[in-house]
2 protein chains.
Amino acid sequence: MTRDGGPGALGADPEELWLSRARPRRGRKPAFSREAITAAAVALADAEGLEAVTMRRVASEVGAGVMSLYSYARDKDTLLDLMIDHVSGELPADGALTGDWRTDFKVIGHLQRALMLRHPWLPAALFARRPLGPNVLAFLEHALAALRPTGLDGAAKLEVFSQLTAFVSGHVAHEIAQAAATQSPDRAAAEARYLAAVAADGHHPELAEALSAPGRPLTPEATFTRFLNRLIDGLDTS
Amino acid sequence: MTRDGGPGALGADPEELWLSRARPRRGRKPAFSREAITAAAVALADAEGLEAVTMRRVASEVGAGVMSLYSYARDKDTLLDLMIDHVSGELPADGALTGDWRTDFKVIGHLQRALMLRHPWLPAALFARRPLGPNVLAFLEHALAALRPTGLDGAAKLEVFSQLTAFVSGHVAHEIAQAAATQSPDRAAAEARYLAAVAADGHHPELAEALSAPGRPLTPEATFTRFLNRLIDGLDTS
DNA sequence: CATTATTCTCGTACTGCGTACGAGAATAAT
DNA sequence: ATTATTCTCGTACGCAGTACGAGAATAATG
């Protein structure tokens with residue numbers, strides 16, 4: 001369906017970006033491939049974060065001149081779209097369904113979260129973006145199949161899936177931020193000291209109590225599962 | 001509590017940023033104020049989006065030299081923190097509580113959404129950030145008070161609030177993206193054409209059906225309310 | 001086989017970003 | 001008056017995305 005080899009079909013419209021186009025019959029042969037460039041960008045983002053993904057870095061990683069990248073993606077934004085679809089290929093789009101749509105949909109949520117934890121830049125990249133590449137659509141197809149037993153109409157099914165994705169993105173982004181804050185001892189200590197100071201000022205009694213009676217710590221995994229279950233169990237098919 | 005007037009107390013640690021410090025008794029008087037700079041940045045973001053907020057633009061807006069801003073915020077990231085807290089001041093932190101925590105918490109969610117719709121850059125700014133300014137903490141205090149009847153322990157209450165914020169951010173971000181895509185007729189048409197083409201390829205039967213049987217369109221407002229209600233009604237206090 | 005059209009590669013260069021540096025101006029304490 | 005302090009802001013640096021266009025490679029054409 002998609003060529004996913006050389007240049008051409010650069011971006012802007014989803015049609016131009018994702019719909020196949022035959023290899024041009026004239027002209028110089030491409031020295032790189034969209035696939036290789038995208039993979040390099042993903043590897044870079046995985047290893048050093050989204051901000052390490054610059055056109056210069058990606059180019060040097062694949063051994064190309066910087067401006068050569070622009071034959072494969074019309075701009076950096078398009079490269080991001082390609083990255084999102086690339087990692088979305090890791091989602092199993094042909095998994096079996098149990099027939100119990102709540103169970104199936106919970107699995108889908110967990111798959112999304114796992115993907116985002118493997119590629120921590122993904123929630124940020126997904127933010128305010130509506131990816132439409134083949135891998136994303138394949139997974140959407142799978143999700144829609146899982147929702148078939150609900151009998152919801154088309155718009156409602158699409159909406160439920162979008163909302164799930166938005167929820168998982170939000171959750172994982174928060175989870176990652178929390179983990180990062182906890183990982184740096186200085187920063188965590190400074191924050192704790194500051195909050196203690198605020199709590200001690202007398203104007204924040206609820207905060208003071210919440211900090212003094214923490215209860216047992218919650219694992220992100222458990223928290224996610226609880227909220228996900230609530231959201232899905234609460235879904236109404238009427 | 002905070003001075004919020006001239007420079008000093010620049011950032012990095014939350015302590016250094018938010019805790020009061022007396023006006024220095026020596027040296028030149030500040031020509032601007034943190035408040036004015038922050039307000040200018042917020043106005044800019046409201047009018048032209050977050051990407052319009054550059055140090056140069058903000059400086060010219062307040063009539064300062066670019067580098068003067070750095071006397072009021074140690075870097076641009078800190079300015080973003082200030083912006084977040086600034087608009088958080090619009091949240092009513094002293095609203096009355098009904099005593100029914102589910103009702104109160106739903107109101108809190110709607111207040112957050114309304115704030116984010118007024119300042120569409122807010123979800124993006126909030127992303128992967130944990131704001132701790134006075135206005136944010138005042139609203140947190142309010143939310144914790146609303147959760148008091150649940151009997152949850154401190155960590156759980158804080159977690160519930162964080163999750164609510166993450167959920168609302170994710171939802172509104174998606175809502176804004178959707179609205180933006182719909183608003184541009186060319187872009188929406190191109191997307192529809194592309195999806196129709198994909199649906200016609202025979203490999204996406206569920207998608208084809210969902211697109212052909214859309215049902216009645218959903219208002220973002222109604223969708224938000226439904227999901228929010230589900231999330232909160234499903235919350236368990238055990 | 002020479003020519004030509006096409007498509008790619010990539011060096012150069014432009015604009016705009018965040019911000020380090022440090023000189024000079026204003027202010028208050030000595 | 002001197003001095004220490006705190007602010008203002010012009011200049012400059014490195015890095016970002018990318019427009020431009022010259023040159024290289026390829027395939028169709030006469």
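By convention in this document, chain letters (A, B, ...) are assigned in the order of the sequence lines, proteins followed by strands, and residues within each chain are numbered from 1.
Of the candidate nucleotides C:dT19, D:dT18, D:dA27, C:dT19 has the atom nearest to the side chain of B:Arg56. Nearest nucleotide to the B:Phe32 side chain, out of C:dC8, D:dT8, D:dT6: D:dT8. Distance from the side chain of A:Lys29 is smallest to D:dA27 among D:dA27, C:dC10, D:dT5. Comparing C:dT9, D:dC7, D:dG17 against the side chain of A:Met55 picks out D:dG17 as the nearest. The nucleotide whose nearest atom lies closest to any side-chain atom of B:Arg26 is, among D:dT8, D:dA4, D:dT18, D:dA4.
Within 4.0 Å of A:Thr54, counting heavy atoms only, lie sugar-phosphate atoms of the nucleic acid but no base atom. Nucleic acid contact class of A:Gly65 (heavy atoms, under 4.0 Å, all strands): sugar-phosphate only. Among the protein residues, A:Ala64 comes within range of the sugar-phosphate backbone only, with heavy atoms under 4.0 Å from sugar or phosphate atoms but none that close to a base.
Between the P atom of D:dT6 and the CE atom of B:Met67 lies a distance of 18 Å, rounded to the nearest Å. Here the P atom of nucleotide C:dG18 and the CD atom of B:Glu51 are 12 Å apart, to the nearest Å. In this structure, B:Glu48 places its CD atom 14 Å from P of C:dG16, rounding to the nearest Å. If you take NZ of A:Lys76 and C1' of C:dC17, they are 13 Å apart, rounded to a whole angstrom.
Residues B:His171 and A:Phe167 keep their aromatic ring centres 6.0 Å or farther apart.
Between B:Asp46 and B:Arg118 no salt bridge is recorded (no basic side-chain N to carboxylate O distance below 4.0 Å).
Look at C:dT30: its Watson-Crick or wobble partner, with both distances under 3.5 angstrom, is D:dA1. Nucleotide C:dA2 is matched to D:dT29 when pairs are restricted to Watson-Crick or G-U wobble geometry with both distances under 3.5 angstrom. When Watson-Crick and G-U wobble pairs are counted only if both distances are under 3.5 Å, D:dA12 pairs with C:dT19.
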TODO: Please lay out, stage by stage, how A:Glu191 and A:Arg187 fare under the test salt bridge (charged side-chain N to carboxylate O under 4.0 Å, His left out).
DONE: CA-CA 6 Å; A:Glu191 192 175 299; A:Arg187 200 147 177 69; 6.0 Å; no
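To the nearest 0.5 Å, the span separating CZ on B:Phe139 from CD1 on B:Ile108 amounts to 5.0 Å.
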